[in-house]
Amino acid sequence: MKTIYQVMLLLAAVPLVLGMVSAMLERSWISTPILATTAGILAGPAVAGWIQPQDWPHLHTILKEAARITIAVSVLGIAIRTPPESWRRAARPTALLLTLGMAGMWAMSSLVAWGGLGAGAATALLIGAILTPTDPVVATSIVTGPFAEGILPDRLRSTLSLESGANDGLGYLFVMLPLTVILERHDLDAARVALILFKEVLGAALLGLAAGWLVAQTLKISDRHKLAEQHSFHGLTIALSLVALALARVVGVDDILAAFSAGAGFCFFANRREDFEEQSVQETISKLLTVPIFTLFGLAIPWGGWAGIGWPLLVLVGGILLLRRPPVVAALSPMLGAGLRRRDLMFAGWFAPIGVAAMFYSLDAAEKTGDMIYWHVASAMVAASILIHGVTAAPAVRRYRSASGGPGRSGGDS
């Protein structure tokens, strides 16, 4: 029982302390995920030993489910917060990044895993799929807040946000293909691929859209008949994400994509979007969830697993950071459109962090296959990504401002 309150104290104290210096952190090279992870490391067995998560009977299940909920709330918040006009403006680059972009990142990540670790084809493809999605939790910490919003234009912020929100759900498709091969020990047939694509992925999108539409219509009726004096949009966002998540799990479809689609359905059919923008729903929820999940991650880092892989893990980390995203965006840059300029593409090519989605998919794969290599590799990539992308975020935003010749306009095309 004491351990529960130790963890509760840690997960409450860290965001409390970081919240007091949040304005300074936005301009600092030390990001919130870095500090939250560091707090977990310091409290955990590697340093102080105050909390011993390796003694918990279901550590990986706890972290996996915490990651699942964090992603669901984050992607739904992104979908709700993005205005419909920004959806339309960013539709072309987002669609390309979610199709050709994800396929390219999957291929590059898989090649690095195959070459760096000497993994078999199916294992390399599964590692590549786990590392393909860009993380909405870390990405949101980079592109939101007064500092980033005052410099980065809406065309870039919306593209990165919508891509990171949608590709976490679509990552399910890429993960399930090699995972099915590994679990069933034979090549995929057309029927199995169709089941994954049409039932589990497309079904999730339709289920989420229907849930978002239904909540939007119910809210309109409530407003029309004055059934509630005011609405808590933070509470509504969390509740809708959990409803979509639970519905998807009951039906047996992709729960993360269902949550994102529910946010999209609500966004396009609700009347009171300005209330969401005024209350900074996504930014607040992101800050609320980012610190606990990365503090837990710091506690759960598998130091022994990293040591067991050895130097090939360093090769993998370096290769993924350099080859997973930048060459893919460079290849797609002539087609992306939406007014994205060279400096936008350079920023988008670098800032595709690996974070909570990789935690979730790797722990799920490890649980189903019984092979912890997926968690060991993904956790190393998460740690490297939040460090490298976190340290370079604020300087890159400042450099973007310099390249644009002055302050950006959050809603314009400067």
Side-chain angles (χ1 to χ4, degrees), residues 33 37 40 53-54 56 58-72 74-75 102 105-106 108-110 112-114 116-117 119-139 164 167-183 254-257 293-294 296-309 312-314 316-317 319-321 324-325 352-387 389:
T37 302
Q54 72 274 11
W56 303 353
H58 304 291
L59 169 61
H60 293 143
T61 300
I62 292 170
L63 184 58
K64 185 186 80 169
E65 295 306 321
R68 188 201 301 271
I69 293 171
T70 298
I71 299 168
S74 296
V75 299
M102 287 191 73
M105 289 192 290
W106 183 28
M108 297 301 292
S109 300
S110 300
V112 173
W114 175 74
L117 296 177
T123 298
L125 286 168
L126 181 51
I127 291 173
I130 288 167
L131 301 179
T132 292
T134 56
D135 191 72
V137 181
V138 181
S164 67
N167 72 10
D168 274 39
L170 291 175
Y172 176 89
L173 172 63
F174 292 87
V175 168
M176 284 304 299
L177 295 177
L179 182 59
T180 301
V181 170
I182 292 171
L183 294 178
D254 179 358
D255 45 6
I256 306 302
L257 183 58
I293 191 63
F294 282 106
L296 279 175
F297 172 69
L299 286 171
I301 285 177
W303 303 102
W306 293 1
I309 299 174
L313 187 59
L314 296 176
L316 176 80
V317 167
I320 293 291
L321 288 174
R324 162 180 166 267
R325 173 80 168 191
I354 298 169
V356 183
M359 294 184 212
F360 169 70
Y361 284 123
S362 64
L363 288 167
D364 189 56
E367 179 183 295
K368 290 175 178 175
T369 63
D371 190 347
M372 294 305 294
I373 185 67
Y374 304 108
W375 166 237
H376 296 159
V377 168
S379 60
M381 279 308 313
V382 171
S385 179
I386 62 175
L387 176 62
H389 289 122

Any donor-acceptor pair under 3.5 Å linking the side chain of [X] with the backbone of [Y]?
{"X": "Y361", "Y": "D168", "value": "yes"}
{"X": "S362", "Y": "M359", "value": "yes"}
{"X": "T70", "Y": "A66", "value": "yes"}

message: Does W114 have more than 12 heavy atoms from other residues, nucleotides or ligands lying within 6.0 Å of its CH2?
response: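 Counting neighbours around CH2 of W114, 12 or fewer heavy atoms of other residues, nucleotides or ligands fall under 6.0 Å, so no.
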- request: For R324, enumerate each residue passing the salt bridge (charged side-chain N to carboxylate O under 4.0 Å, His left out) test, keeping only those at least two apart in sequence or located in another chain.
  value: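 Result, salt bridge (charged side-chain N to carboxylate O under 4.0 Å, His left out) vs R324: none returned.
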Of all heavy-atom pairs between [X] and [Y], which one has the smallest distance, and what is that distance?
{"X": "A365", "Y": "L126", "result": "CB-CD2, 4.1 Å"}
{"X": "L316", "Y": "M381", "result": "O-SD, 4.3 Å"}
{"X": "I71", "Y": "P136", "result": "CG2-CG, 4.5 Å"}
{"X": "V356", "Y": "D135", "result": "N-OD1, 2.6 Å"}
{"X": "A119", "Y": "T123", "result": "CB-CG2, 4.0 Å"}
{"X": "P353", "Y": "S385", "result": "CA-OG, 3.4 Å"}

Check: K64 and E367 side chains under 4.5 Å, non-hydrogen atoms: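 SC-SC contact between E367 and K64 confirmed.
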query: Between I127 and V112, is any pair of side-chain heavy atoms under 4.5 Å apart?
result: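 Side chain of I127 against side chain of V112, heavy atoms only: no contact under 4.5 Å found.
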Measuring from [X]:[atom1] to [Y]:[atom2], what's the distance to the nearest 0.5 Å?
{"X": "I301", "Y": "H376", "atom1": "CD1", "atom2": "NE2", "result": "12.0 Å"}
{"X": "D254", "Y": "L170", "atom1": "CG", "atom2": "CG", "result": "7.5 Å"}
{"X": "I293", "Y": "R68", "atom1": "CD1", "atom2": "CZ", "result": "12.0 Å"}
{"X": "L313", "Y": "L117", "atom1": "CG", "atom2": "CG", "result": "7.0 Å"}
{"X": "T37", "Y": "L387", "atom1": "OG1", "atom2": "CG", "result": "9.5 Å"}
{"X": "I256", "Y": "S74", "atom1": "CD1", "atom2": "OG", "result": "9.5 Å"}

message: Pair D364, W375 - check side chain to side chain contact (heavy atoms under 4.5 Å, CB included), show working.
response: CA-CA 9 Å; D364 189 56; W375 166 237; over 6 Å; no
- request: Any chance you could lay out the side chain to side chain contact (heavy atoms under 4.5 Å, CB included) test for I320 and R325, step after step, and finish with the verdict?
  value: CA-CA 8 Å; I320 293 291; R325 173 80 168 191; over 6 Å; no
Return all side-chain donor-acceptor pairs below 3.5 angstrom for residues 171-179, not counting sequence neighbours, or 'none' if the list is empty.
| residue | atom | partner | partner atom | Å |
| --- | --- | --- | --- | --- |
| Y172 | OH | E200 | OE1 | 2.4 |

task: Mind checking side-chain hydrogen bond (donor to acceptor under 3.5 Å, both in side chains) for N167 and listing every partner two or more places apart, or none if nothing turns up?
output: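 Applying side-chain hydrogen bond (donor to acceptor under 3.5 Å, both in side chains) to N167 gives T134.
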